Amino acid sequence: MTQPLLQQFAHDLQDCWQADYFRLRARLNRLAKNPDQKQLGQLQKAILKSKQFRENRSAALPDFTYPEALPVSENHKQIAEAIQRHQVILVCGETGSGKTTQLPKICLEAGRGINGIIGHTQPRRIAAQAISNRLAEELKTEVGKTVGFKVRFRDRSSSENLIKVMTDGILLAELQQDHWLNQYDTLIIDEAHERSLNIDFLLGYLKQLLRKRKDLKLIITSATIDAERIAAHFNDAPVIEVSGRTYPVEMRYRPLHDPDSDDDPLDLQQAIVSAIDELQKEGRGDVLVFLPGEGEIREASKTLRHLRDRMDILPLYARLPSAEQKRIFHPGGKTRVILATNVAETSLTVPGIRYVIDSGQARISRYSWRSKVQRLKIEKISQASANQRAGRCGRTGPGICIRLYNEDDFNNRQPFTEPEILRTNLAAVILQMVSIRLGDIEQFPFIDKPDARLVKDGYRLLRELQAVDDRKNLTATGKKLARLPIDPRLGKMLLAAEKTNAVTEVLAITTALAAQDPRERPQHKQQAADEKHARFRDEKSDFISLFNLWEYLEEQSEQLSHNALRKLCQKEFINHRRWREWHNLHRQLKLALKILIIKLNKEPADYAAIHRALLSGLLDQIGFKDKKFEYLGCRNQRFFIFPGSGLHKKPPKWLMAAEVTETTKVFARIVAGIQPQWIEQVGKHLIKHHSSEPYWQKSKARVGGYEKLTLCGLIVNPRRNINYAVVDPELSREIFIRHALVYGEWKNNLPVIQENRSLIEQVENLEARTRRRDILIDEQELYDFYAKMLPANITSGASFERWYKQNQNARKLKLDKNTLIREDARTVNVAAMPEIWRQDNLQLPLTYHFEPGSEQDGVTLKIPLSVLPQINETLTEWIVPGLIEEKILAHIRGLPKSVRKQFVPAPDFARVANERLKFGENNLLAELGKVLKQITGFEVKKPDWRTENLPLHLKMRFEVIDREGQ
DNA sequence: GGGTTAGGGT
């Protein structure tokens with residue numbers, strides 16, 4: 001019974017809506033193994049519902065025609081057939097072919113859009129919205145039904161859509177949720193030749209996905225020049241060429257330097273003037289001049305001042321105040337000369353252009369993995385880019401393009417602009433790829449593989465942000481970052497702000513950094529604009545300036561009507577549209593934070609809390625001011641504060657920068673002063689420690705030392721006191737044993753240590769008394785004794801005491817006197833070196849010191865001042881028994897030569913004389929003379945005895961102590 | 001001491 005039913009279900013599944021298909025099939029497979037009547041019933045209902053849904057889609061298929069005027073309309077049958085026959089096709093053709101709007105309809109004609117949605121991607125939001133409007137109009141429906149669109153901040157799409165127009169970023173974002181892109185049966189990737197990061201990532205991903213989803217069709221549109229490369233990437237997909245509807249453009253090459261002329265080379269400005277002159281002779285028509293940047297545009301509008309009464313000279317660049325941008329689209333009476341950056345090449349279409357002047361240059365952003373700095377240098381544009389520029393004057397009639405370079409130069413240029421993926425930091429892309437588990441990035445089928453060093457550098461940044469671990473796996477932080485629709489650096493700041501309780505402020509700041517700066521500086525009102533903006537300026541932090549601006553605008557937007565706010569913005573040089581963007585971004589991120597359960601603080605956060613959070617995303621963009629206006633940053637990079645910064649006049653010692661870009665110089669833009677200690681704390685995981693100079697720190701009974709802290713090569717702390725045991729426990733243990741235990745440089749109350757110490761002192765004293773150095777076992781033996789007994793983790797007084805208290809074994813550390821005295825020195829005559837000097841009833845201490853040459857060398861008798869007169873000096877001549885023989889010998893040797901020769905060998909005479917003398921009785925020299933006469937019969941005359949040259953240690957030293965003990 | 005191109009998003 002069940003079996004035929006299952007077969008019926010499997011059959012019906014074929015007619016379901018595709019987004020349901022895979023889910024329902026999985027349910028069916030589960031039930032086939034494990035049938036359950038109730039669930040089978042539910043499945044049947046679901047299948048019927050989905051079938052019905054698909055039928056409704058089919059019924060919603062509108063009637064449509066192709067506008068005859070469009071070239072693509074001629075090919076619609078051919079294209080529809082190609083779609084049916086191939087999984088991937090390329091459609092190329094220049095602007096005006098109508099491919100963008102007609103392709104979705106051709107897909108419908110080919111039967112697409114019923115099983116699943118036809119997804120159509122655009123690089124820019126405005127274009128996506130405009131195209132969906134246009135399509136809805138042509139299909140006689142409203143946006144949101146048959147045709148939907150979805151861009152950031154605006155979603156008018158639904159499962160009812162047959163066609164859904166969106167930005168490529170949206171499709172990428174959807175990938176995170178649905179790796180199979182199941183809701184689509186067809187994808188149109190438009191403007192693929194632009195080769196943005198998004199497009200390259202999408203094309204790589206789709207190449208893999210197409211193998212798994214054989215039912216998915218892919219249509220890629222591109223400019224003709226790039227089509228082959230892309231087709232090759234998709235296993236030589238067929239390329240269908242659609243003619244454009246453009247007029248011929250005449251090329252004229254007018255290089256600055258003419259090789260056939262002796263004239264001096266022109267500069268760019270002069271060349272523009274003469275090109276405009278030349279074009280004026282061709283008849284009236286608006287001119288579009290392509291220049292690399294705002295600077296050149298400003299300069300050119302100055303040079304062209306003299307034309308102002310005849311022509312409108314209009315600058316055009318993305319940061320231009322919107323009011324001024326609008327003038328481009330409302331031509332006045334005069335001939336217009338529009339001085340434009342690359343905005344006019346792709347993003348904006350300037351209507352009614354008859355002439356183009358192309359400088360052949362553009363500022364190109366390149367990220368250097370070597371210096372980790374973004375460069376924005378003026379470069380020669382590619383042939384593709386030059387042709388695109390020229391094409392801008394062939395849209396309404398035949399045009400003329402003057403290139404300010406020669407034809408050879410053109411022919412030698414790169415055919416296309418290097419795709420973005422080869423010249424940008426890849427951290428954000430890698431984060432996404434890791435997050436959707438795309439596996440090894442080296443294996444990912446990019447059309448142009450990014451340099452391995454660039455990939456490595458992307459991982460480096462992610463590791464610095466703690467988004468991935470050493471094995472390139474996503475961390476908890478990384479998972480959160482992947483869910484925040486913002487640059488990973490900025491996302492990291494937000495996550496850090498949760499910890500410092502500054503999310504409110506950091507959210508406003510990070511969204512400002514992600515959006516474009518809404519502050520406008522119109523060319524002729526720069527000072528007025530600066531004055532208005534100065535109200536928000538913070539002298540320590542450009543981030544705070546942004547936050548001040550945010551608070552002001554938020555407050556105003558709550559109080560004022562939409563129109564009043566608009567007027568206020570205009571008056572105060574704020575770009576209202578950009579402010580809306582900032583506001584929207586803020587709202588979106590706030591929602592994303594809510595999902596991550598990150599709360600906004602109600603109490604204002606202080607400077608440290610805000611900037612420590614910001615710093616966590618900018619750890620490799622810090623700098624130390626080591627010259628008047630110059631900073632030393634990571635990897636020996638030098639940079640300057642950008643002149644637009646509020647800190648430009650008062651540069652702080654330490655700063656961090658939201659971005660570091662090299663233009664005319666390496667500039668740090670949006671900066672703030674920081675405390676170097678913050679770097680140590682926030683950047684703990686990146687700090688390198690260079691320790692040095694370990695020493696015994698007696699007061700703390702531990703091994704101290706110093707360390708230098710660096711972060712990517714920058715010294716963030718030159719000399720910091722440390723507990724050396726942390727960096728080198730082994731060495732610290734050695735130093736501890738030597739100083740604390742062997743040398744006794746440790747004050748403590750531990751009996752074992754005290755006793756050992758006093759034993760050692762006793763033996764040392766013995767050495768002094770016997771004037772020998774070979775009694776105490778040597779230092780190394782003592783060291784070895786302790787080293788053998790102590791566990792490896794004992795590195796300081798504190799750790800020793802802990803161990804000692806907890807461990808009975810520690811008692812074995814006790815030394816005994818025999819181990820301390822060397823074997824060959826165990827029979828020393830100590831009695832001959834008394835510690836007490838006796839004279840009648842007087843007993844005074846004798847101390848010994850063994851240091852030949854020193855004043856203290858020898859025996860010292862300590863005499864209190866009060867007993868000084870009682871001291872019998874004659875008795876002290878005898879010094880101590882242990883030294884008397886040596887003293888006698890010294891006396892004999894001190895005799896004049898004629899006398900001395902009577903007593904040869906002197907040591908024998910000294911020994912015999914000493915044996916006969918009675919120690920301490922009468923005058924030493926008198927008694928000695930007597931004894932010597934007894935032995936030899938020779939009498940030493942009194943003046944022959946010399947005492948001056950006697951070694952010091954053979955004369956008793958006297959130390960008189962007064963009442964105070966001095 | 002002195003001034004940066006343009007797009008895109010969970």
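Reminder, nothing fancy here: chain letters follow the sequence lines and each chain counts from 1. Quantities reported herein were computed from a predicted structural model and do not represent experimental measurements.
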* Asked: Looking at A:Phe573, does the NZ or CZ of A:Lys532 lie under 6.0 angstrom from its six-membered ring centre and within 45 degrees of the ring axis?
  ->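 Relative to the ring axis of A:Phe573, which defines the angle, A:Lys532 lies outside at least one limit.
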What nucleic acid atoms does [X] come within less than 4.0 Å of, heavy atoms only: base, sugar-phosphate, or nothing?
{"X": "A:Ala592", "answer": "nothing"}
{"X": "A:Glu581", "answer": "nothing"}
{"X": "A:Leu175", "answer": "nothing"}
{"X": "A:Leu197", "answer": "nothing"}
{"X": "A:Glu296", "answer": "nothing"}
{"X": "A:Ala362", "answer": "nothing"}
{"X": "A:Ile170", "answer": "sugar-phosphate"}
{"X": "A:Phe640", "answer": "nothing"}
{"X": "A:Asp178", "answer": "nothing"}
{"X": "A:Ser196", "answer": "nothing"}
{"X": "A:Arg366", "answer": "nothing"}
{"X": "A:Arg124", "answer": "sugar-phosphate"}

* Asked: Quick one: side-chain contact (heavy atoms from CB on, under 4.5 Å) partners of A:Arg229, sequence neighbours excluded?
  ->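 Testing A:Arg229 for side-chain contact (heavy atoms from CB on, under 4.5 Å), a comparison that skips the adjacent residues, returns A:Phe416, A:Ile447, A:Asp448.
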Ignoring hydrogens, what is the shortest heavy-atom contact between [X] and [Y]? Give both atom names and the distance.
{"X": "A:Pro450", "Y": "A:Ile421", "result": "CB-O, 3.7 Å"}
{"X": "A:Leu655", "Y": "A:Tyr631", "result": "CD2-CZ, 3.4 Å"}
{"X": "A:Leu431", "Y": "A:Leu462", "result": "N-CD1, 3.9 Å"}

Just N and O in the side chain of [X]: are any of them under 4.0 Å from OP1 or OP2 of [N]?
{"X": "A:Gln588", "N": "B:dT10", "value": "yes"}
{"X": "A:Lys665", "N": "B:dG2", "value": "yes"}
{"X": "A:Arg669", "N": "B:dG3", "value": "no"}
{"X": "A:Thr664", "N": "B:dT4", "value": "yes"}
{"X": "A:Thr346", "N": "B:dG7", "value": "no"}

* Answer yes when A:Arg392 and A:Glu345 have at least one side-chain N-carboxylate O distance shorter than 4.0 Å, and no when they do not. =>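 No salt bridge links A:Arg392 with A:Glu345.
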* Note: A:Glu294-A:Arg298 ion pair, threshold 4.0 Å (strictly below) ->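 Here A:Glu294 pairs with A:Arg298 in a salt bridge, since their nearest N and O are under 4.0 Å apart.
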Expressed as a whole number of angstroms, how long is the span from [X]:[atom1] to [N]:[atom2]?
{"X": "A:Arg638", "N": "B:dG1", "atom1": "CZ", "atom2": "P", "result": "16 Å"}
{"X": "A:Ile486", "N": "B:dG8", "atom1": "CD1", "atom2": "C1'", "result": "13 Å"}
{"X": "A:Lys625", "N": "B:dG1", "atom1": "NZ", "atom2": "C1'", "result": "12 Å"}
{"X": "A:Leu585", "N": "B:dT10", "atom1": "CG", "atom2": "P", "result": "10 Å"}
{"X": "A:Asp200", "N": "B:dG8", "atom1": "CG", "atom2": "P", "result": "17 Å"}
{"X": "A:Ile189", "N": "B:dG7", "atom1": "CD1", "atom2": "P", "result": "21 Å"}
{"X": "A:Arg389", "N": "B:dA6", "atom1": "CZ", "atom2": "C1'", "result": "12 Å"}
{"X": "A:Arg152", "N": "B:dG9", "atom1": "CZ", "atom2": "C1'", "result": "5 Å"}

* Can you tell which of B:dG3, B:dG1, B:dA6 lies closest to the side chain of A:Phe629? ->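 Looking only at side-chain atoms, A:Phe629 lies closest to B:dG1.
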* Name the closest nucleotide to the A:Arg363 side chain, picking from B:dT4, B:dG8, B:dA6. =>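 Nearest to the side chain of A:Arg363 among the choices is B:dT4.
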* **First encountered from the 5' end of DNA chain B, between A:Ala482 and A:Pro292** =>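 Result of the comparison: A:Pro292.
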* To do: Decide yes or no on salt bridge (Lys or Arg N to Asp or Glu O under 4.0 Å) for A:Arg578 and A:Asp517, but give the supporting numbers first.
  => CA-CA 7 Å; A:Arg578 295 226 174 102; A:Asp517 194 337; over 6 Å; no
* Within residues 641-658 of chain A, residues whose heavy atoms come under 4.0 Å of DNA chain B ->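 Of all residues in residues 641-658 of chain A, the ones placing a heavy atom under 4.0 Å from DNA chain B are A:Phe642, A:Pro643, A:Gly644, A:His648, A:Lys649.
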* Asked: Under the 3.5 Å rule, do the base of B:dG7 and the side chain of A:Glu420 count as making a donor-acceptor pair?
  ->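 A donor-acceptor contact between them is present.
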* Do other residues, nucleotides or ligands put more than 12 heavy atoms under 6.0 Å from the CD1 atom of A:Ile126? ->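 No, CD1 of A:Ile126 has 12 or fewer neighbouring heavy atoms, counting only those of other groups under 6.0 Å.
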